[in-house]
Q: 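Take this structure first; my questions come after.
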Amino acid sequence: MLAKIYVTLKKGVLDPQGKAVRHSLESLGYKEVRDIRLGKYMEVKFGDIERDKADTRIREMCEKLLTNPVIEDYQFEISDE
Amino acid sequence: MLAKIYVTLKKGVLDPQGKAVRHSLESLGYKEVRDIRLGKYMEVKFGDIERDKADTRIREMCEKLLTNPVIEDYQFEISDE
Amino acid sequence: MGARPIASLNSLRFGSFDHPKTRYLLNGVVGGIAGYGNCIGVPTVGGETYFNKCYNGNILVNVFSLGLVKKERIFKGVACGAGNPVIYVGSKTGRDGIHGATMASEEFDEKSGERRPTVQVGDPFTEKLLLEACLEVMSRDCIVGIQDMGAAGLTCSSCEMASRGGTGIEIDLSKVPRREVGMTPYELMLSESQERMLLVVKKGYEKEVEEVFKKWDLDVSVVGSVTDDGLLRVMNDGVMVAEIPARALSEESPVYLRPKERPEYLSMTQRFSIDNLPEPTEYAEIFLKLLGSPNIAGKGWVYRQYDHMVRTNTVVYPGSDAAVIRIKGTNKGIAMTVDCNSRYCYLDPYIGGMIAVAEAARNLVCSGAKPLAITDCLNFGNPEKPGIMWQFEQATNGISDACKRLNTPVVGGNVSFYNETQGEGIYPTPTVAMVGIIPDINLHQTQWFKDDGDVIVMLGKSYEELGGSEYLAVVHGIEEGMPPGIELDLEIAVQNACLEVIQKGIIKSAHDCSEGGIAIALAECCFSGPKFNRGAKVTISENIRGDCLLFGESQSRIIVSLDKGNLDHFKEIAEKNKAPFKIIGRVGGERLVINELINCPVEVLKQRWKMAIKERV
Amino acid sequence: MKFGIIVFPGSNCDHDCYHVIKHILKQEAGFIWHKEGSLPPVDCLILPGGFSHGDYLRPGAIAKFSPIMKEIRKFAYNGGLILGICNGFQILLEAGLLPGVMMTNRSLKFVCDNVYLRLENNETPFTNQGKLGGVLKMPIAHFDGNYYADEKTLQELKDNHQIVFRYCAKNGDITDDANPNGAFWNISGICNKERNVLGMMPHPERCAEEILGNEDGRVIFESIIKSFA
Ligand SMILES: Nc1ncnc2c1ncn2[C@@H]1O[C@H](COP(=O)(O)OP(=O)(O)O)[C@@H](O)[C@H]1O
């Protein structure tokens with residue numbers, strides 16, 4: 001089983017890296033870019049585990065370790081790959 | 001228009017972060033985790049631009065700036081949000 | 001070797017700022033050195049950063065690391081004692097960098113991109129653990145030999161260890177920890193995965209060694225044993241996949257005797273004469289232009305990104321002639337520097353090589369250190385071209401001759417050839433890193449002026465020389481002429497005098513004159529101090545052109561400042577050492593004034609110097 | 001008095017702290033490996049600077065699960081003194097022993113330099129020998145020192161006088177120019193409500209000896225020792 005986790009900065013939290021990237025894109029001529037926010041993407045491969053159990057386990061991992069709830073939100077998808 | 005970009009490390013390229021995170025998950029008791037790879041997730045908001053033009057522009061940005069093609073692969077999705 | 005790394009230096013060469021990739025590469029390389037060096041907790045205390053279009057297609061990144069070891073606890077990469085276990089420690093093996101070593105010795109062309117092997121991604125965290133774990137096992141009494149796995153990975157480390165010990169090694173590949181499935185014996189033997197070491201330990205100590213590496217969460221595996229047949233034997237799942245005399249791969253490598261010939265460009269560049277060069281009238285503007293030249297400008301943008309203080313030994317930060325660190329538990333200090341002016345080497349590799357050594361020694365002496373030894377990194381183009389081979393031979397001769405006279409043995413080094421892209425080679429760049437000792441750390445010296453009223457003295461002599469100077473390149477766009485001459489007797493006299501006056505505590509600052517000549521050196525004396533600026537009024541009477549006087553790069557010159565009361569004592573020591581000198585001015589005021597040529601507020605000069613790189617990146 | 005210095009895999013400033021405590025201030029000091037399940041008897045714990053677990057994921061994120069952290073929490077709860085320096089501060093934040101988070105410096109670069117700090121609270125066990133409003137010069141060396149907290153937390157920090165140090169200019173003025181990393185409100189060090197846990201980004205252990213050109217860091221260690229005298 002494979003979980004894809006997307007971690008993004010909470011709305012309102014400043015994203016200096018995103019700002020810098022946007023600035024670089026602009027100076028490269030990509031004026032159409034209005035905004036860019038950077039986050040993390042994680043792929044977690046599981047061994048034998050039931051699907052709905054995987055769900056709670058991932059939620060736990062995200063809250064305990066993979067994200068910092070003060071500034072980050074997360075979403076995830078589970079697939080069978 | 002919104003593009004969601006996922007950047008992952010190429011197969012075979014060492015992922016020190018993923019390694020450390022996996023080790024930590026293991027010692028926290030998440031033995032079911034077989035592997036974890038860390039990547040980047042970006043959300044790019046566009047101003048007025050045609051859809052198929054957006055496609056080539058994003059590809060360009062990814063190759064020029066957003067990713068390091070020596071060690072990274074990327075994928076993206078465009079939506080109307 | 002058993003040493004704990006205590007400080008690093010880095011020598012960086014980038015293309016010109018006009019080149020579209022320079023900014024990106026500068027950011028990336030400095031960020032990379034910072035990311036790795038800072039994480040392993042070794043301070044990066046100094047270095048050099050040059051920009052020249054000859055590096056547009058091939059930047060250079062040379063790093064020097066200094067370690068401290070008790071002389072009775074030095075370890076070697078040697079495999080002794082048949083039956084002793086061979087142990088693999090560190091990271092797992094992946095397919096990283098296979099053929100990396102051979103590719104590093106190829107010229108780059110358009111197709112290189114496709115043949116690129118999987119690049120090694122460094123893992124500084126694992127390196128830090130490996131470093132601590134190795135030092136921990138070394139503090140016990142169980143290691144026979146130890147060597148890191150670098151180029152050509154397991155193959156190279158095992159053959160070299162066996163060859164040095166006059167033994168053989170048998171390796172069982174099925175025991176090698178791996179990161180990927182389906183790796184072939186060939187791949188396992190040639191992988192250049194980073195952060196790995198090969199150990200030979202005394203039989204019976206396997207458990208003890210294992211425990212240490214496990215404590216640090218590292219992979220550890222007994223992969224083989226030492227034999228007495230002189231062969232490297234590789235087994236895989238019970239099948240022998242390779243067998244070769246270890247010496248054949250390490251000691252008995254071919255010696256290349258390649259044709260060499262003085263390259264043609266030299267007859268053109270050496271034809272240059274300053275007589276055809278108009279003498280400028282407006283010196284202030286030129287002065288500011290030079291201060292803002294990336295090669296002369298302050299490198300704070302670079303070294304602010306390096307942790308240069310961790311381990312709390314750094315007594316002189318980056319920003320003076322040499323970095324100085326103290327050795328805890330003693331009264332001693334160590335000074336270190338890296339130097340090479342590759343433009344000089346291009347114009348005359350023999351003189352250029354000599355100057356690299358002389359300048360390094362001079363930088364150390366200015367900090368109050370007695371030069372001890374050097375190591376070098378010889379970066380050249382394609383040695384199959386007779387011209388490059390000639391440069392190589394000349395430069396190494398220059399280094400060798402200077403080292404003999406200065407009494408500084410060459411204790412190590414590294415060679416990097418094929419630095420060419422589409423036939424365009426870099427300037428010959430034999431980077432020299434030199435280390436010196438300061439017997440009493442309290443008597444170390446720095447380059448900046450300390451007190452108003454102090455007398456400024458120049459040790460050494462100035463000649464009418466402009467060839468290869470930064471002034472000629474930046475202001476006139478010319479990289480020609482002969483590099484400045486170097487006379488080792490004069491160099492030694494000046495250095496001995498300088499060292500003696502520092503060690504007797506009679507001067508307050510010492511700064512070597514290098515790129516940009518006296519004018520730039522004086523400016524640096526005025527504004528490079530961490531606490532305040534000082535002005536100076538200087539009068540130099542030399543019967544040479546204004547531009548040579550200010551910006552000429554004659555060698556073997558040091559600017560010192562001292563209390564007026566010590567002047568007699570100073571003269572006595574200088575004369576005893578046969579070092580020529582001239583009193584040239586006084587510290588004081590807020591401006592730097594040189595003859596009738598320059599008269600500028602120090603703060604203006606400083607801003608120009610300080611901001612130049614930052615503004616460009 | 002006795003200091004315990006926690007060694008995480010990747011700690012770099014553990015030896016530096018040891019050196020200052022043992023050889024400069026002549027107090028007892030010992031290292032404590034992060035896998036230990038219990039603490040020896042000590043009066044003050046130091047979480048030193050460095051890159052615990054390579055700073056992978058987020059600085060301090062993995063270290064907060066080290067076995068020793070359970071004991072550290074207990075120690076804090078019982079009023080023991082804990083000083084987190086740089087990475088140690090980041091670990092205390094991740095572990096929830098102090099509020100807020102560290103984000104990447106706004107320059108997106110590692111920064112190693114000397115900065116000035118204004119002492120905002122000298123009624124803590126870590127600063128009782130300092131002058132309120134006094135300016136200290138100290139080195140910083142970090143990639144993630146951009147302190148951030150939500151409005152409510154920030155208000156609480158202010159109301160409870162938990163902000164101990166703020167980046168300032170040489171003359172003590174709090175300016176944006178003097179802010180090396182973009183930290184909210186120029187915050188460079190905070191303590192908990194109970195005053196027994198302090199986190200600071202600057203490195204007092206790097207400036208506690210004359211030979212290193214600056215002794216401003218001594219006041220932190222001397223305060224700690226004083227509070228036990
Ligand atoms: N890449 C670098 N890393 C660290 N320090 C550097 C680097 N480049 C330059 N420096 C520091 O900047 C100062 C000036 O360097 P440089 O102009 O080469 O001096 P010099 O000509 O006196 O050798 C030195 O203290 C040097 O250590």
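Keep in mind it's a predicted model, so treat the numbers as computed, not measured. Proteins get letters first, then strands, A, B, ... in listed order; numbering begins at 1 in each.
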Q: Within the side chain of T8(B), is there an N or O that forms a donor-acceptor pair under 3.5 Å with the backbone of G39(B)?
A: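 No: the side chain of T8(B) does not pair with the backbone of G39(B).
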Q: Identify which part of L66(A) has an atom lying under 4.5 Å from any heavy atom of chain B, answering side chain, backbone, both or neither.
A: side chain
Q: Look up atom OH in Y6(A) and atom NZ in K4(A), then write down how far apart they are to the nearest 0.5 Å.
A: 5.5 Å
Q: Would you mind checking which part of L28(A) comes under 4.5 Å of any heavy atom in chain B, side chain (CB onward), backbone (N, CA, C, O), both or neither?
A: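 Contact with chain B involves the side chain of L28(A) alone.
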Q: Nearest 0.5 Å, please: how far is CZ in R37(A) from CZ in R22(A)?
A: 12.0 Å
Q: Please look at I49(A) and chain B and tell me whether the side chain, the backbone, both or neither of the residue comes under 4.5 angstrom of a heavy atom of that chain.
A: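 Answer is side chain: those atoms of I49(A) sit under 4.5 Å from chain B.
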Q: What residue, out of M1(A), R57(A), M42(A), has the most heavy-atom pairs lying under 4.5 Å from chain B?
A: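 When all of M1(A), R57(A), M42(A) are compared, R57(A) has the most.
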Q: What part of L65(A) gets closer than 4.5 Å to chain B, counting heavy atoms only: side chain, backbone, both or neither?
A: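 For L65(A), side-chain heavy atoms alone lie under 4.5 Å from chain B.
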Q: Measuring heavy-atom distances to chain A, does E60(B) have an atom under 4.5 Å in its side chain, in its backbone, in both, or in neither?
A: both
Q: In plain terms, say whether D73(A) and K11(A) are close enough for a salt bridge, that is, a side-chain N and a carboxylate O under 4.0 Å apart.
A: no
Q: Whether the Y41(A) and E43(A) side chains hold a donor-acceptor pair (N or O, under 3.5 Å, no angle test) is what I'd like checked.
A: yes
Q: Heavy atoms only, distances under 4.5 angstrom: which of V33(B), V44(B), D35(B) has the most pairs with chain A? Name it, please.
A: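 Looking at each of V33(B), V44(B), D35(B) in turn, D35(B) comes out on top.
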Q: Give a yes or no on this: more than 12 heavy atoms of other residues, nucleotides or ligands lie within 6.0 Å of atom NZ of K10(A).
A: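 Counting neighbours around NZ of K10(A), more than 12 heavy atoms of other residues, nucleotides or ligands fall under 6.0 Å, so yes.
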Q: What option among G47(B), G18(B), S24(B) has the most heavy-atom pairs under 4.5 Å with chain A?
A: G47(B)
